[in-house]
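Side chains are part of it too, since the values below use all heavy atoms of this structure and drop only hydrogens, waters and symmetry mates.
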Amino acid sequence: MSGFEDVKEHMEIIGADGVHLGTVDRVEGDRIKMTRADSGMGHEEHHHYIPRGLVADVEGDKVRLSSNADVAANLFEQEEGGQPIG
């Protein structure tokens, strides 16, 4: 088991239920910036961010979140103001 400091670009991001959510672009401060092309949920025109607090574990080449994919997707932050998409 690894932690947030082990997150690297191109890792797959999955929910606690194992469902694919996206791909890591890079880490910016205490957030993971997701690639636009694989940011999911029909919002490919801008980047989404995942707050550090949602990361449960880093397993091999996967970032596992502490919530299921459908719940985590509602907690993504947008690049403009850092507000949840909703």
Side-chain angles (χ1 to χ4, degrees):
M1 287 191 167
S2 302
F4 186 81
E5 60 280 349
D6 297 309
V7 174
K8 306 283 186 252
E9 64 181 59
H10 306 299
M11 287 182 146
E12 180 183 14
I13 302 165
I14 58 173
D17 52 359
V19 174
H20 175 85
L21 274 167
T23 304
V24 174
D25 186 359
R26 65 177 164 260
V27 174
E28 292 184 355
D30 281 344
R31 304 188 305 173
I32 296 172
K33 182 178 185 179
M34 298 172 67
T35 60
R36 258 189 255 188
D38 193 21
S39 211
M41 310 308 175
H43 294 277
E44 291 81 14
E45 68 277 359
H46 55 264
H47 288 280
H48 292 135
Y49 292 82
I50 298 173
R52 178 185 190 127
L54 283 181
V55 176
D57 194 21
V58 177
E59 306 167 345
D61 63 348
K62 296 183 186 334
V63 178
R64 182 175 297 275
L65 303 182
S66 58
S67 63
N68 288 346
D70 59 341
V71 174
N74 289 323
L75 301 174
F76 286 167
E77 297 174 347
Q78 297 182 62
E79 59 188 327
E80 295 88 41
Q83 298 301 314
I85 295 174

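Shown here are the salt bridge (Lys or Arg N to Asp or Glu O under 4.0 Å) partners of K62, two or more places apart in sequence or in another chain: E12. Residues passing the side chain to side chain contact (heavy atoms under 4.5 Å, CB included) test with N68, sequence neighbours excluded: A16, D17, D70. Every side chain to side chain contact (heavy atoms under 4.5 Å, CB included) that L54 has, sequence neighbours left out, goes to I50, P51, L65, S66, S67, L75. Residues that satisfy the side chain to side chain donor-acceptor pair (under 3.5 Å) test with E28, not counting sequence neighbours, are R26, Y49.
The CG atom of D61 sits 13.0 Å away from atom NZ of K8, with the distance rounded to the nearest 0.5 Å. The distance from atom CD1 of I14 to atom CG of L21, rounded to the nearest 0.5 Å, is 9.0 Å. In this structure, NE2 on H48 lies 10.5 Å from CZ on R36, to the nearest 0.5 angstrom.
Considering every non-hydrogen atom in both V55 and F4, the closest pair reads CG2-CD1, 3.8 Å.
Of the listed residues (E5, M11, R64), just one forms a side-chain contact (heavy atoms from CB on, under 4.5 Å) with V58, and that residue is M11. Checking each of V24, I13, D25, T23 against M34 for a side-chain contact (heavy atoms from CB on, under 4.5 Å) leaves exactly one that passes, namely I13.
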